[in-house]
Visitor: 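Handing you a structure now.
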Amino acid sequence: MFFVVSKVFWTLVQPLTLVFLLLLAGWLLTLLGRRRLGLTAGGLGLILLAVASFTSLGTLLIAPLEDRFTRPVRLPDAVDTIVMLGGATDGTISTARQITELSDAGDRLTDTLQLALRYPDARILITGGSGRLVAEGESEAEIAARFFAGIGIAADRLLLEAASRNTDENAELTKAMLGEDPGTVVLVTSAFHMPRSIGLFRRVGIDVLPWPTDYRSAGSPSFAFELVNPVQNLETVGVAVKEWIGLAVYHWTGRIEEPFPAQVSN
C-alpha cells in the first residue's frame with residue numbers, strides 16, 4: 001500500500017504536474033467568471049515553470065543531498081559485497097530490445113563495474129524489481145545482470161534481488177540475502193539518493209561504505225539564471241523535491257531514524 005500511495009502522491013505533486021494543475025485551474029476559473037482568481041492561479045503556474053526551468057533552483061535543492069556523503073578517502077583492502085541499487089536502466093526499452101539501455105542514473109552501473117574490477121573476489125548484489133505502478137517486463141536486476149554478463153563478469157559473482165519496488169524494500173531484501181554477518185559492503189547509488197539509502201540500510205543493520213555517483217550538481221551552487229538547458233533544470237528540480245519529500249516521509253513513518261542521515265566517518 002505504501003508503494004502505491006507514494007507513486008500516486010508523487011504523480012500529483014511533482015513540479016510539472018503542479019504547473020499543469022495551476023494553469024488548468026486558472027483556465028477553468030476564468031471560464032466560470034472568477035477572472036482575478038483564475039489569473040492568479042495561472043500566473044503562479046507560469047512563475048513555477050519559469051523558476052524551475054530557467055534558474056539554478058534545481059542545483060540549489062540537490063547539492064545538499066549530493067554533498068552529504070563522500071566516497072571513502074582510503075579504500076579497504078578487501079570488499080565482500082558491492083550492492084547496487086536499481087534505477088540505472090530503462091526497463092521498457094531494455095526488455096523490448098533485450099539490451100541494457102541506461103537511464104540518467106547509468107553511472108550506478110559503470111561505477112559498480114569499476115569496483116567489481118578493483119575487487120575481483122567481491123560479490124555483486126543488484127537489488128531492484130520494477131519501480132512502475134504496474135510492474136511489467138524484466139526486473140532492474142535482470143537487466144543489469146545482462147550488462148555485467150556482456151562485460152564478462154562471471155555469473156557466479158552476481159546476486160539478483162528482483163522483488164523490491166522501492167528503497168525500503170531494497171534494504172530489507174538485501175539484508176535477507178546477506179544474512180547477519182554481511183562483511184564489508186559498498187553501496188552504490190546516486191549521490192542525491194545516498195542519505196535516504198544509508199538511513200534505510202542502517203535501520204536493517206548493514207553498515208555500508210557509501211559510493212555516491214550520478215551527480216547532478218557541481219557543488220556549492222548559487223542562485224542564477226540558467227537558460228541553456230531548461231528541460232534538464234526542470235528535471236533536476238523534480239528529482240531534488242522528490243528526494244526531500246522521500247526523506248521527510250520515510251522519517252515520519254519510522255523507516256529511517258534520522259531526518260537527514262549524515263556520514264559518521266570517512
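Residue indices begin at 1 and follow the sequence shown.
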Visitor: What are the two closest non-hydrogen atoms of Pro72 and Trp211, and how far apart are they?
Guide: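 Heavy atoms only, the tightest pair is CD-CE3, 4.0 Å.
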
Visitor: Could you state the interatomic distance from CG (Leu16) to CG (Leu49), rounded to the nearest 0.5 Å?
Guide: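 One finds 7.5 Å between CG of Leu16 and CG of Leu49.
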
Visitor: Distance from Leu125 atom CG to Leu159 atom CG, nearest 0.5 Å?
Guide: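 Atom-to-atom, Leu125:CG and Leu159:CG are 5.0 Å apart.
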
Visitor: Can you tell me how far CD of Gln14 sits from CG of Leu234, rounded to the nearest 0.5 angstrom?
Guide: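 If I round to the nearest 0.5 Å, the distance is 9.0 Å.
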
Visitor: With a 4.5 Å heavy-atom cut-off, do Thr127 and Val83 have their side chains touching?
Guide: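 Of all side-chain heavy-atom pairs linking Val83 with Thr127, at least one is under 4.5 Å.
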
Visitor: Is the closest side-chain donor-acceptor distance between Thr213 and Arg108 under 3.5 Å?
Guide: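 Note: Thr213 and Arg108 side chains miss the donor-acceptor criterion.
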
Visitor: Grab the two heavy atoms, one from Leu173 and one from Ala163, that are nearest each other, plus how far apart they are.
Guide: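 Reported closest heavy-atom pair: CD1-CB, 4.0 Å.
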
Visitor: Got more than 12 heavy atoms from elsewhere within 6.0 Å of CG, Asp207?
Guide: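 For Asp207, atom CG is not crowded (no more than 12 foreign heavy atoms under 6.0 Å).
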
Visitor: Answer yes or no: are there more than 12 heavy-atom neighbours, outside Phe20 itself, under 6.0 Å from its atom CZ?
Guide: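 Count not over threshold, so no.
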
Visitor: Is there a chain of hydrophobic side chains (I, L, V, M, F, W, Y, each step under 4.5 Å between heavy atoms) that links Leu160 to Met177?
Guide: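 Different hydrophobic clusters.
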
Visitor: Is there a donor-acceptor pair closer than 3.5 Å between any side-chain N or O of Thr81 and the backbone N or O of Arg123?
Guide: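 Between the backbone of Arg123 and the side chain of Thr81 there is no qualifying donor-acceptor contact (under 3.5 Å).
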
Visitor: Going through the checks in order, is the side chain to side chain contact (heavy atoms under 4.5 Å, CB included) test met by Leu85 and Thr174?
Guide: CA-CA 10 Å; Leu85 301 191; Thr174 295; 5.6 Å; no

Visitor: Just by distance, do the side chain of Thr17 and the backbone of Thr11 share a donor-acceptor pair under 3.5 Å?
Guide: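 Flag set: sc Thr17 to bb Thr11 pair under 3.5 Å.
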
Visitor: CG of Leu48 to CG of Leu44: how many Å apart, nearest 0.5 Å?
Guide: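 The distance works out to 8.5 Å.
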
Visitor: Start with the C-alpha distance between Glu235 and Asp104, add both sets of side-chain angles, then the distance that settles side chain to side chain contact (heavy atoms under 4.5 Å, CB included), and finish with yes or no.
Guide: CA-CA 11 Å; Glu235 181 184 4; Asp104 288 344; 2.7 Å; yes

Visitor: Drop me the distance from Leu39's CG to Arg34's CZ, to the nearest 0.5 angstrom.
Guide: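 One finds 12.5 Å between CG of Leu39 and CZ of Arg34.
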
Visitor: Could you check whether any side-chain heavy atom of Phe260 comes within less than 4.5 Å of a side-chain heavy atom of Leu65, counting everything from C-beta outward?
Guide: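 Side-chain contact under 4.5 Å: yes.
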
Visitor: Can you tell if the side chain of Leu23 reaches within under 4.5 Å of the side chain of Leu46, non-hydrogen atoms only?
Guide: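 Yes, at least one pair of side-chain atoms sits under 4.5 Å.
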
Visitor: For residues Met84 and Tyr215: do they belong to one hydrophobic cluster (side chain heavy atoms under 4.5 Å, members Ile, Leu, Val, Met, Phe, Trp, Tyr)?
Guide: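 In one cluster with Met84: Tyr215, no.
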
Visitor: Hydrophobic clusters here meaning ILVMFWY residues chained together by side-chain heavy-atom distances under 4.5 Å, can you tell me if Phe147 and Ile124 are in one?
Guide: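 In one cluster with Phe147: Ile124, yes.
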
Visitor: When clusters are formed by joining ILVMFWY residues with side-chain heavy atoms under 4.5 Å apart, either directly or through shared neighbours, do Val237 and Trp244 land in the same one?
Guide: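 Per the 4.5 Å side-chain linkage, Val237 and Trp244 are co-clustered.
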
Visitor: Any salt bridge linking Arg216 with Glu66? Criterion: basic side-chain nitrogen under 4.0 Å from a carboxylate oxygen.
Guide: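 Looking at Glu66 together with Arg216, the answer is no, because their closest N to O distance does not fall below 4.0 Å.
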
Visitor: Would you check if Ile245 and Lys242 make a side-chain contact, meaning some heavy-atom pair closer than 4.5 Å?
Guide: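 No, every pair of side-chain atoms sits at 4.5 Å or beyond.
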
Visitor: Pair Arg202, Glu257 - check salt bridge (charged side-chain N to carboxylate O under 4.0 Å, His left out), show working.
Guide: CA-CA 9 Å; Arg202 284 175 179 170; Glu257 295 181 1; over 6 Å; no

Visitor: Say whether Val239 and Val51 are linked into one hydrophobic cluster, either directly or through other cluster members, by side-chain heavy-atom distances under 4.5 angstrom.
Guide: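 Yes: a chain of side-chain contacts under 4.5 Å links Val239 to Val51.
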
Visitor: Do you know the tightest heavy-atom contact between Val79 and Thr184?
Guide: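 Of all heavy-atom pairs spanning Val79 and Thr184, the closest is CG1-O, 3.7 Å.
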
Visitor: Looking only at heavy atoms, what is the nearest atom pair of Pro182 and Ile206, with distance?
Guide: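 For Pro182 and Ile206, the tightest heavy-atom pair comes out as CG-CG2, 4.4 Å.
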
Visitor: Without swapping roles, check the side chain of Arg203 against the backbone of Ile256 for a donor-acceptor pair under 3.5 Å.
Guide: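 No, Arg203 side chain to Ile256 backbone: no donor-acceptor pair under 3.5 Å.
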
Visitor: If you apply the rule side chain to side chain contact (heavy atoms under 4.5 Å, CB included), what do you find for Phe223 with Thr55, and how did you get there?
Guide: CA-CA 7 Å; Phe223 187 80; Thr55 74; 3.6 Å; yes

Visitor: Which atom names give the shortest non-hydrogen contact between Leu187 and Ser197, and what distance separates them?
Guide: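 Reported closest heavy-atom pair: CD2-CB, 3.9 Å.
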
Visitor: Could you check whether any side-chain heavy atom of Ile198 comes within less than 4.5 Å of a side-chain heavy atom of Phe201, counting everything from C-beta outward?
Guide: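 No, every pair of side-chain atoms sits at 4.5 Å or beyond.
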
Visitor: Does Thr100 reach the main-chain N or O of Ile143 with its side chain, forming a donor-acceptor pair under 3.5 Å?
Guide: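 Yes.
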
Visitor: Looking only at atom types and distance, does a side-chain atom of Glu142 sit under 3.5 Å from a main-chain N or O of Ala162, one as donor and one as acceptor?
Guide: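 Flag not set: sc Glu142 to bb Ala162 has no pair under 3.5 Å.
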
Visitor: Ignoring hydrogens and geometry, is there a side-chain-to-backbone donor-acceptor pair from Arg157 to Ala122 under 3.5 Å?
Guide: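 Yes; judged by distance alone, with no hydrogens or angles, the pair exists.
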
Visitor: Just wondering, do Ser217 and Phe192 contact through their side chains at under 4.5 Å, heavy atoms?
Guide: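 When only atoms from C-beta onward are counted, Ser217 and Phe192 do not touch, as no gap falls below 4.5 Å.
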
Visitor: Taking the side chain as C-beta and beyond, is there a heavy-atom pair between Leu75 and Val186 under 4.5 Å?
Guide: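 Of all side-chain heavy-atom pairs linking Val186 with Leu75, none is under 4.5 Å.
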
Visitor: How far apart are the C-alpha atoms of Leu57 and Glu226, what are their side-chain angles, what is the distance that settles it, and do they pass the side chain to side chain contact (heavy atoms under 4.5 Å, CB included) test?
Guide: CA-CA 9 Å; Leu57 176 64; Glu226 295 283 353; over 6 Å; no

Visitor: Report yes or no: does Thr95 contribute a side-chain atom to a donor-acceptor pair with the main-chain N or O of Glu138 at less than 3.5 Å?
Guide: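 The answer is yes, because a donor-acceptor pair under 3.5 Å joins these two groups.
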
Visitor: Could you tell me whether the side chains of Glu169 and Ser164 share a donor-acceptor contact shorter than 3.5 Å?
Guide: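 There is no such pair between these side chains.
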
Visitor: Search all heavy atoms of Ala88 against all heavy atoms of Leu109 and return the closest pair with its distance.
Guide: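 Heavy atoms of Ala88 and Leu109 come nearest at CB-CG, 4.0 Å.
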
Visitor: Please report the interatomic distance CZ(Arg146) to CD1(Ile99), rounded to the nearest 0.5 Å.
Guide: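 Here the interatomic distance stands at 8.0 Å.
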
Visitor: Does Thr167 offer a backbone N or O that forms a donor-acceptor pair with the side chain of Arg196 under 3.5 Å?
Guide: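 Between the backbone of Thr167 and the side chain of Arg196 there is no qualifying donor-acceptor contact (under 3.5 Å).
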
Visitor: Please answer whether the main-chain N or O of Glu101 pairs with a side-chain N or O of Ser94 as donor and acceptor at a distance below 3.5 Å.
Guide: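 Answer holds: yes.
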
